[in-house]
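Worth knowing before you read on, the calculation uses all heavy atoms, side chains too, and leaves out hydrogens, waters and symmetry mates. Each chain gets a letter, A, B and so on, in the order its sequence line appears, and its residues count up from 1.
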Amino acid sequence: MEGKSHVATIKRTGWILFVVTALEFVVAFSMPHDWATLRASLFLGMTVIKAYYIVSVFMHLKYEVKALIWSILVPVIFIVWLLIALFVESGTMGWL
Amino acid sequence: MATSLTSEVPQKLTKRSVWDGGESPLKASYGKLMMWFFLLSDAFTFSGLLVSYGVVRYYHPHYEGPLSDFTFSTDYWPVPDKVFSHIPFFHGVEAPLVFVGLMTFILIMSSVTMVLAVEAGQRLDQKNVQKWLLWTIIGGLTFLGCQAWEWTNFIIGPDPETLGYASLSKNPYGPPLFAAFFFFITGFHGFHVFSGVVLNTIAFYNTAVGKYQRKGSYEMVEKTGLYWHFVDLVWVFVFTLFYLI
(Lines give C-alpha, C1' and ligand atoms only; values in the text may rest on other atoms or scores of the structure.)
Protein backbone atom coordinates (compact mmCIF):
# COMPACT_ATOMS: atom_id res chain seq x y z
CA MET A 1 0.00 0.00 0.00
CA GLU A 2 0.93 3.65 -0.22
CA GLY A 3 2.24 3.72 3.36
CA LYS A 4 1.74 7.07 5.07
CA SER A 5 -1.25 8.31 3.03
CA HIS A 6 -3.04 5.02 3.60
CA VAL A 7 -2.63 5.36 7.37
CA ALA A 8 -4.02 8.90 7.11
CA THR A 9 -7.12 7.56 5.30
CA ILE A 10 -7.61 4.94 8.03
CA LYS A 11 -7.39 7.54 10.78
CA ARG A 12 -9.74 9.91 9.00
CA THR A 13 -12.27 7.08 8.54
CA GLY A 14 -11.98 6.23 12.23
CA TRP A 15 -12.78 9.84 13.14
CA ILE A 16 -15.76 9.92 10.77
CA LEU A 17 -17.17 6.82 12.49
CA PHE A 18 -16.70 8.42 15.93
CA VAL A 19 -18.36 11.66 14.89
CA VAL A 20 -21.35 9.94 13.27
CA THR A 21 -21.85 7.80 16.40
CA ALA A 22 -21.70 10.93 18.55
CA LEU A 23 -24.30 12.54 16.25
CA GLU A 24 -26.55 9.52 16.77
CA PHE A 25 -26.40 10.22 20.49
CA VAL A 26 -27.27 13.87 19.96
CA VAL A 27 -30.37 12.82 18.00
CA ALA A 28 -31.25 10.14 20.57
CA PHE A 29 -31.27 12.64 23.44
CA SER A 30 -32.46 15.87 21.86
CA MET A 31 -35.24 14.77 19.51
CA PRO A 32 -38.64 13.97 21.08
CA HIS A 33 -39.70 10.32 20.95
CA ASP A 34 -43.00 11.31 19.29
CA TRP A 35 -41.15 12.03 16.06
CA ALA A 36 -40.65 8.30 15.63
CA THR A 37 -40.47 8.20 11.83
CA LEU A 38 -37.97 11.07 11.54
CA ARG A 39 -35.84 9.59 14.35
CA ALA A 40 -35.84 6.16 12.74
CA SER A 41 -34.94 7.50 9.29
CA LEU A 42 -32.12 9.65 10.70
CA PHE A 43 -30.71 6.68 12.65
CA LEU A 44 -30.94 4.40 9.63
CA GLY A 45 -29.34 7.04 7.38
CA MET A 46 -26.40 7.47 9.77
CA THR A 47 -26.04 3.69 10.09
CA VAL A 48 -25.78 3.35 6.31
CA ILE A 49 -23.10 6.08 6.27
CA LYS A 50 -21.11 4.19 8.91
CA ALA A 51 -21.60 0.90 7.06
CA TYR A 52 -20.30 2.55 3.86
CA TYR A 53 -17.08 3.69 5.52
CA ILE A 54 -16.45 0.37 7.30
CA VAL A 55 -16.99 -1.71 4.16
CA SER A 56 -15.33 0.58 1.62
CA VAL A 57 -12.21 1.61 3.56
CA PHE A 58 -11.72 -0.86 6.43
CA MET A 59 -12.76 -3.92 4.43
CA HIS A 60 -11.02 -2.44 1.40
CA LEU A 61 -13.98 -3.10 -0.93
CA LYS A 62 -13.63 0.32 -2.59
CA TYR A 63 -10.28 -0.78 -4.07
CA GLU A 64 -11.46 -4.16 -5.39
CA VAL A 65 -12.56 -4.80 -8.98
CA LYS A 66 -16.08 -3.77 -10.01
CA ALA A 67 -17.39 -7.33 -10.36
CA LEU A 68 -16.50 -8.11 -6.73
CA ILE A 69 -17.98 -4.83 -5.46
CA TRP A 70 -21.30 -5.52 -7.17
CA SER A 71 -21.50 -9.19 -6.18
CA ILE A 72 -21.27 -8.12 -2.53
CA LEU A 73 -23.34 -4.95 -2.81
CA VAL A 74 -26.41 -6.18 -4.71
CA PRO A 75 -27.50 -8.83 -2.15
CA VAL A 76 -26.83 -6.38 0.69
CA ILE A 77 -29.01 -3.70 -0.91
CA PHE A 78 -31.85 -6.24 -1.06
CA ILE A 79 -31.33 -7.10 2.61
CA VAL A 80 -31.50 -3.47 3.70
CA TRP A 81 -34.62 -2.99 1.58
CA LEU A 82 -36.22 -6.05 3.24
CA LEU A 83 -35.26 -4.72 6.67
CA ILE A 84 -36.91 -1.35 6.02
CA ALA A 85 -39.96 -2.88 4.29
CA LEU A 86 -40.72 -5.29 7.12
CA PHE A 87 -40.12 -2.73 9.88
CA VAL A 88 -42.67 -0.48 8.17
CA GLU A 89 -45.18 -3.17 7.18
CA SER A 90 -45.31 -4.83 10.60
CA GLY A 91 -46.44 -1.51 12.07
CA THR A 92 -49.69 -1.87 10.15
CA MET A 93 -50.13 -5.58 10.94
CA GLY A 94 -51.79 -4.80 14.27
CA TRP A 95 -54.70 -3.23 12.39
CA LEU A 96 -55.60 -6.40 10.51
CA MET B 1 1.72 -26.89 -21.84
CA ALA B 2 -0.87 -24.13 -21.75
CA THR B 3 1.00 -22.09 -24.36
CA SER B 4 1.31 -25.00 -26.79
CA LEU B 5 -2.44 -25.57 -26.51
CA THR B 6 -3.41 -21.97 -27.23
CA SER B 7 -1.15 -21.84 -30.25
CA GLU B 8 -3.21 -24.60 -31.84
CA VAL B 9 -6.52 -22.88 -31.17
CA PRO B 10 -8.11 -21.24 -34.24
CA GLN B 11 -7.86 -17.47 -34.50
CA LYS B 12 -11.55 -16.94 -33.65
CA LEU B 13 -11.27 -18.59 -30.23
CA THR B 14 -8.19 -16.72 -29.00
CA LYS B 15 -10.31 -13.68 -28.14
CA ARG B 16 -11.13 -14.92 -24.70
CA SER B 17 -13.16 -13.17 -22.05
CA VAL B 18 -11.72 -12.97 -18.52
CA TRP B 19 -14.61 -15.16 -17.42
CA ASP B 20 -13.62 -18.11 -19.68
CA GLY B 21 -11.46 -19.70 -17.03
CA GLY B 22 -7.74 -19.80 -16.30
CA GLU B 23 -7.83 -16.31 -14.81
CA SER B 24 -9.02 -14.68 -11.61
CA PRO B 25 -11.47 -12.05 -12.84
CA LEU B 26 -12.19 -10.79 -9.32
CA LYS B 27 -8.44 -10.20 -8.72
CA ALA B 28 -8.74 -11.52 -5.19
CA SER B 29 -7.22 -14.66 -3.67
CA TYR B 30 -9.35 -17.75 -3.10
CA GLY B 31 -9.25 -17.36 0.69
CA LYS B 32 -10.30 -13.71 0.64
CA LEU B 33 -13.13 -14.40 -1.81
CA MET B 34 -14.47 -17.23 0.31
CA MET B 35 -14.29 -14.99 3.38
CA TRP B 36 -16.35 -12.38 1.51
CA PHE B 37 -19.00 -14.89 0.53
CA PHE B 38 -19.07 -16.39 4.02
CA LEU B 39 -19.61 -12.89 5.42
CA LEU B 40 -22.41 -12.33 2.92
CA SER B 41 -24.16 -15.50 4.14
CA ASP B 42 -23.56 -14.39 7.72
CA ALA B 43 -25.18 -11.06 6.86
CA PHE B 44 -28.26 -13.03 5.74
CA THR B 45 -28.39 -14.79 9.12
CA PHE B 46 -28.13 -11.56 11.06
CA SER B 47 -30.68 -9.81 8.89
CA GLY B 48 -33.04 -12.76 9.51
CA LEU B 49 -32.76 -12.06 13.24
CA LEU B 50 -33.10 -8.30 12.82
CA VAL B 51 -36.02 -8.54 10.40
CA SER B 52 -37.95 -10.81 12.77
CA TYR B 53 -37.10 -8.44 15.62
CA GLY B 54 -38.52 -5.53 13.62
CA VAL B 55 -41.70 -7.41 12.72
CA VAL B 56 -42.38 -8.48 16.32
CA ARG B 57 -41.47 -5.13 17.79
CA TYR B 58 -43.75 -3.06 15.61
CA TYR B 59 -46.50 -5.65 15.84
CA HIS B 60 -46.68 -4.87 19.57
CA PRO B 61 -48.28 -1.57 20.61
CA HIS B 62 -45.79 1.16 21.46
CA TYR B 63 -45.79 3.29 24.60
CA GLU B 64 -47.78 6.49 24.37
CA GLY B 65 -47.53 9.41 26.76
CA PRO B 66 -44.70 11.39 28.35
CA LEU B 67 -41.41 9.52 28.74
CA SER B 68 -41.05 10.62 32.38
CA ASP B 69 -44.19 8.64 33.34
CA PHE B 70 -42.96 5.46 31.63
CA THR B 71 -43.33 2.24 33.63
CA PHE B 72 -42.48 -1.32 32.56
CA SER B 73 -45.53 -3.26 31.40
CA THR B 74 -46.30 -6.27 29.21
CA ASP B 75 -48.99 -4.18 27.46
CA TYR B 76 -46.49 -2.38 25.20
CA TRP B 77 -42.92 -2.67 23.91
CA PRO B 78 -40.42 -1.07 26.36
CA VAL B 79 -38.54 2.14 25.44
CA PRO B 80 -34.85 1.11 25.14
CA ASP B 81 -33.60 4.28 26.92
CA LYS B 82 -35.44 3.10 30.02
CA VAL B 83 -34.14 -0.48 29.93
CA PHE B 84 -30.47 0.19 29.18
CA SER B 85 -29.86 3.06 31.57
CA HIS B 86 -27.17 1.71 33.88
CA ILE B 87 -23.39 2.08 33.94
CA PRO B 88 -20.91 0.17 36.12
CA PHE B 89 -19.87 1.65 39.51
CA PHE B 90 -22.69 4.22 39.47
CA HIS B 91 -25.58 2.37 41.02
CA GLY B 92 -28.89 4.19 40.79
CA VAL B 93 -27.57 6.85 38.42
CA GLU B 94 -29.71 7.17 35.28
CA ALA B 95 -27.45 7.26 32.23
CA PRO B 96 -29.48 6.00 29.27
CA LEU B 97 -27.49 4.26 26.52
CA VAL B 98 -24.15 5.60 27.77
CA PHE B 99 -22.75 2.13 28.38
CA VAL B 100 -23.75 0.69 24.97
CA GLY B 101 -22.36 3.88 23.44
CA LEU B 102 -19.05 3.13 25.13
CA MET B 103 -19.18 -0.44 23.80
CA THR B 104 -19.74 0.95 20.30
CA PHE B 105 -16.68 3.20 20.62
CA ILE B 106 -14.56 0.28 21.87
CA LEU B 107 -15.54 -1.86 18.88
CA ILE B 108 -14.90 0.94 16.36
CA MET B 109 -11.51 1.57 18.00
CA SER B 110 -10.59 -2.11 17.69
CA SER B 111 -11.62 -1.99 14.03
CA VAL B 112 -9.19 0.90 13.51
CA THR B 113 -6.34 -1.04 15.16
CA MET B 114 -7.21 -4.10 13.05
CA VAL B 115 -6.97 -2.18 9.80
CA LEU B 116 -3.64 -0.75 10.99
CA ALA B 117 -2.43 -4.34 11.54
CA VAL B 118 -3.48 -5.24 7.98
CA GLU B 119 -1.68 -2.14 6.66
CA ALA B 120 1.50 -3.07 8.56
CA GLY B 121 1.21 -6.61 7.16
CA GLN B 122 1.24 -5.31 3.61
CA ARG B 123 4.57 -3.61 4.38
CA LEU B 124 5.81 -6.90 5.98
CA ASP B 125 6.35 -4.96 9.22
CA GLN B 126 6.17 -7.84 11.71
CA LYS B 127 6.58 -5.68 14.82
CA ASN B 128 3.68 -3.39 14.00
CA VAL B 129 1.38 -6.24 12.94
CA GLN B 130 2.05 -7.77 16.33
CA LYS B 131 1.40 -4.52 18.18
CA TRP B 132 -1.85 -3.66 16.42
CA LEU B 133 -3.19 -7.22 16.56
CA LEU B 134 -2.60 -7.25 20.31
CA TRP B 135 -4.56 -3.99 20.69
CA THR B 136 -7.36 -5.48 18.60
CA ILE B 137 -7.51 -8.56 20.83
CA ILE B 138 -7.57 -6.35 23.94
CA GLY B 139 -10.40 -4.28 22.40
CA GLY B 140 -12.38 -7.45 21.65
CA LEU B 141 -11.92 -8.82 25.15
CA THR B 142 -12.96 -5.48 26.67
CA PHE B 143 -16.11 -5.52 24.55
CA LEU B 144 -16.90 -9.07 25.71
CA GLY B 145 -16.37 -8.02 29.34
CA CYS B 146 -18.76 -5.10 28.85
CA GLN B 147 -21.31 -7.46 27.34
CA ALA B 148 -21.02 -9.84 30.29
CA TRP B 149 -21.78 -6.92 32.61
CA GLU B 150 -24.64 -5.77 30.39
CA TRP B 151 -26.22 -9.26 30.38
CA THR B 152 -25.86 -9.64 34.16
CA ASN B 153 -27.50 -6.28 34.67
CA PHE B 154 -30.27 -7.15 32.21
CA ILE B 155 -30.96 -10.55 33.79
CA ILE B 156 -31.12 -9.20 37.35
CA GLY B 157 -33.44 -6.39 36.29
CA PRO B 158 -34.95 -3.60 38.36
CA ASP B 159 -36.39 -5.71 41.19
CA PRO B 160 -35.58 -9.45 41.08
CA GLU B 161 -37.44 -10.30 44.30
CA THR B 162 -40.89 -9.26 43.12
CA LEU B 163 -40.52 -9.15 39.32
CA GLY B 164 -38.15 -12.10 38.87
CA TYR B 165 -35.13 -12.44 36.60
CA ALA B 166 -35.15 -11.93 32.84
CA SER B 167 -35.01 -15.12 30.77
CA LEU B 168 -36.00 -16.28 27.28
CA SER B 169 -39.57 -16.87 28.45
CA LYS B 170 -40.25 -13.88 30.72
CA ASN B 171 -38.75 -10.57 31.74
CA PRO B 172 -39.56 -7.61 33.98
CA TYR B 173 -39.37 -5.05 31.14
CA GLY B 174 -42.20 -5.87 28.76
CA PRO B 175 -43.50 -8.58 26.40
CA PRO B 176 -41.60 -11.92 26.76
CA LEU B 177 -40.23 -11.65 23.21
CA PHE B 178 -38.31 -8.48 24.13
CA ALA B 179 -35.80 -10.39 26.26
CA ALA B 180 -35.81 -13.36 23.86
CA PHE B 181 -34.65 -11.06 21.05
CA PHE B 182 -32.17 -9.30 23.32
CA PHE B 183 -30.50 -12.61 24.23
CA PHE B 184 -30.58 -14.00 20.70
CA ILE B 185 -29.32 -10.94 18.83
CA THR B 186 -26.68 -9.66 21.26
CA GLY B 187 -25.73 -13.26 22.12
CA PHE B 188 -25.23 -14.26 18.50
CA HIS B 189 -23.21 -11.10 17.91
CA GLY B 190 -21.22 -11.68 21.11
CA PHE B 191 -20.37 -15.18 19.92
CA HIS B 192 -19.07 -13.68 16.68
CA VAL B 193 -16.89 -11.29 18.69
CA PHE B 194 -15.61 -14.26 20.69
CA SER B 195 -14.77 -16.20 17.49
CA GLY B 196 -13.05 -13.09 16.13
CA VAL B 197 -10.90 -12.84 19.26
CA VAL B 198 -9.93 -16.52 18.89
CA LEU B 199 -9.02 -16.06 15.19
CA ASN B 200 -7.04 -12.91 15.97
CA THR B 201 -5.22 -14.67 18.80
CA ILE B 202 -4.16 -17.47 16.41
CA ALA B 203 -3.04 -14.85 13.86
CA PHE B 204 -1.17 -13.02 16.63
CA TYR B 205 0.63 -16.21 17.68
CA ASN B 206 1.62 -17.00 14.09
CA THR B 207 2.84 -13.44 13.60
CA ALA B 208 4.84 -13.54 16.84
CA VAL B 209 6.64 -16.78 15.89
CA GLY B 210 7.38 -15.29 12.47
CA LYS B 211 5.35 -17.76 10.40
CA TYR B 212 3.85 -15.11 8.11
CA GLN B 213 7.16 -13.26 7.86
CA ARG B 214 8.87 -16.43 6.55
CA LYS B 215 6.00 -16.96 4.13
CA GLY B 216 6.37 -13.34 2.99
CA SER B 217 2.63 -12.75 3.22
CA TYR B 218 0.26 -11.57 5.92
CA GLU B 219 -2.85 -12.61 4.01
CA MET B 220 -4.24 -14.48 7.04
CA VAL B 221 -4.26 -11.16 8.95
CA GLU B 222 -6.22 -9.63 6.05
CA LYS B 223 -8.78 -12.46 6.22
CA THR B 224 -9.30 -12.29 9.98
CA GLY B 225 -9.41 -8.52 9.48
CA LEU B 226 -12.33 -8.84 7.06
CA TYR B 227 -14.14 -10.98 9.63
CA TRP B 228 -13.41 -8.53 12.44
CA HIS B 229 -14.71 -5.53 10.48
CA PHE B 230 -17.86 -7.48 9.69
CA VAL B 231 -18.42 -8.04 13.41
CA ASP B 232 -18.06 -4.29 13.92
CA LEU B 233 -20.46 -3.67 11.03
CA VAL B 234 -23.11 -5.95 12.54
CA TRP B 235 -22.80 -4.15 15.86
CA VAL B 236 -23.42 -0.83 14.09
CA PHE B 237 -26.74 -2.25 12.86
CA VAL B 238 -27.63 -3.92 16.17
CA PHE B 239 -26.87 -0.69 18.02
CA THR B 240 -29.18 1.32 15.76
CA LEU B 241 -32.04 -1.13 15.42
CA PHE B 242 -32.10 -2.49 18.96
CA TYR B 243 -30.93 0.38 21.16
CA LEU B 244 -31.63 3.61 19.29
CA ILE B 245 -34.87 3.16 17.36
Part of [X] lying under 4.5 Å from any heavy atom of chain A:
{"X": "B/Ser111", "value": "both"}
{"X": "B/Pro61", "value": "neither"}
{"X": "B/Leu67", "value": "side chain"}

Discussion item. Testing B/Ile108, B/Thr104, B/Leu107 one by one against A/Leu17 for a side chain to side chain contact (heavy atoms under 4.5 Å, CB included), which residue passes?
Written reply: B/Ile108
With only heavy atoms counted, which part of [X] is less than 4.5 Å from chain B, the side chain, the backbone, both or neither?
{"X": "A/Phe87", "answer": "both"}
{"X": "A/Thr13", "answer": "neither"}
{"X": "A/Leu68", "answer": "both"}

Discussion item. Does anything in residues 33-45 of chain B reach chain A? List residues with heavy atoms under 4.5 Å apart, or say none.
Written reply: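 Checking residues 33-45 of chain B against chain A gives B/Leu33, B/Trp36, B/Phe37, B/Leu39, B/Leu40, B/Ala43, B/Phe44.
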Item to complete: Sort by residue number and list every member of residues 71-87 of chain B having a non-hydrogen atom under 4.5 Å from chain A.
Response: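 Interface residues of residues 71-87 of chain B: B/Val79, B/Asp81.
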Check for a donor-acceptor pair, side chain of [X] on one end and backbone N or O of [Y] on the other, with a separation under 3.5 Å.
{"X": "A/Arg39", "Y": "B/Ile245", "value": "no"}
{"X": "A/Glu64", "Y": "B/Ala28", "value": "no"}
{"X": "B/His192", "Y": "B/Phe188", "value": "yes"}

Worksheet entry | Plane angle bin for A/Phe25 and A/Phe29 - parallel if under 30°, tilted between 30 and 60°, otherwise perpendicular | tilted
Practice prompt. Hey, can you tell me if A/Trp81 and A/Phe78 have their rings parallel, tilted or perpendicular (30° and 60° cut-offs)?
Written response: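 A/Trp81 and A/Phe78: perpendicular rings.
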Fill in: Sole residue of B/Gln122, B/Gln126, B/Gln213, B/Lys223 in side chain to side chain donor-acceptor pair (under 3.5 Å) with B/Tyr218
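In the set B/Gln122, B/Gln126, B/Gln213, B/Lys223, the residue that makes a side chain to side chain donor-acceptor pair (under 3.5 Å) with B/Tyr218 is B/Gln213.
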Worksheet item: Looking at A/Ala85, A/Ala22, A/Ala51, which one has more heavy-atom pairs under 4.5 Å with chain B than the rest?
Response: A/Ala51
Practice prompt. Return the option, out of A/Thr21, A/Val55, A/Leu86, A/Ile10, with the maximum number of heavy-atom pairs under 4.5 Å with chain B.
Written response: A/Ile10
Discussion item. Minimum heavy-atom separation for B/Gln147 and B/Gly190, please, with both atom names.
Written reply: OE1-CA, 3.2 Å
Item to complete: Could you pull out the closest heavy-atom pair between A/Ala67 and B/Leu26, with the gap in Å?
Response: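 So the minimum-distance heavy-atom pair works out to CB-CD2, 3.4 Å.
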Worksheet item: Is the number of heavy atoms from other residues, nucleotides or ligands within 6.0 Å of NZ (A/Lys62) greater than 12?
Response: yes
Worksheet item: At what distance, to the nearest 0.5 angstrom, does CG of A/Leu61 lie from CD1 of A/Ile69?
Response: 5.0 Å
Discussion item. Can you tell me how far apart CG (B/Leu141) and SG (B/Cys146) are? Round to the nearest 0.5 Å.
Written reply: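 B/Leu141 CG to B/Cys146 SG: 11.0 Å, rounded to 0.5 Å.
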Heavy-atom pairs under 4.5 Å with chain A: which of [options] has the most?
{"options": "B/Tyr243, B/Tyr63, B/Phe105", "answer": "B/Phe105"}
{"options": "B/Val98, B/Val118, B/Val115, B/Val112", "answer": "B/Val115"}
{"options": "B/Leu226, B/Leu244, B/Val236, B/Leu241", "answer": "B/Leu244"}

Practice prompt. Would you please say whether a donor-acceptor pair under 3.5 Å links the side chains of B/Ser110 and B/Thr136?
Written response: no
Worksheet item: What residues form a salt bridge (charged side-chain N to carboxylate O under 4.0 Å, His left out) with B/Glu222, not counting sequence neighbours?
Response: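 Residues passing salt bridge (charged side-chain N to carboxylate O under 4.0 Å, His left out) with B/Glu222: B/Lys32.
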Item to complete: List for me each residue that meets side-chain hydrogen bond (donor to acceptor under 3.5 Å, both in side chains) alongside B/Ser47, sequence neighbours excluded, and say none if there are none.
Response: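 Residues passing side-chain hydrogen bond (donor to acceptor under 3.5 Å, both in side chains) with B/Ser47: none at all.
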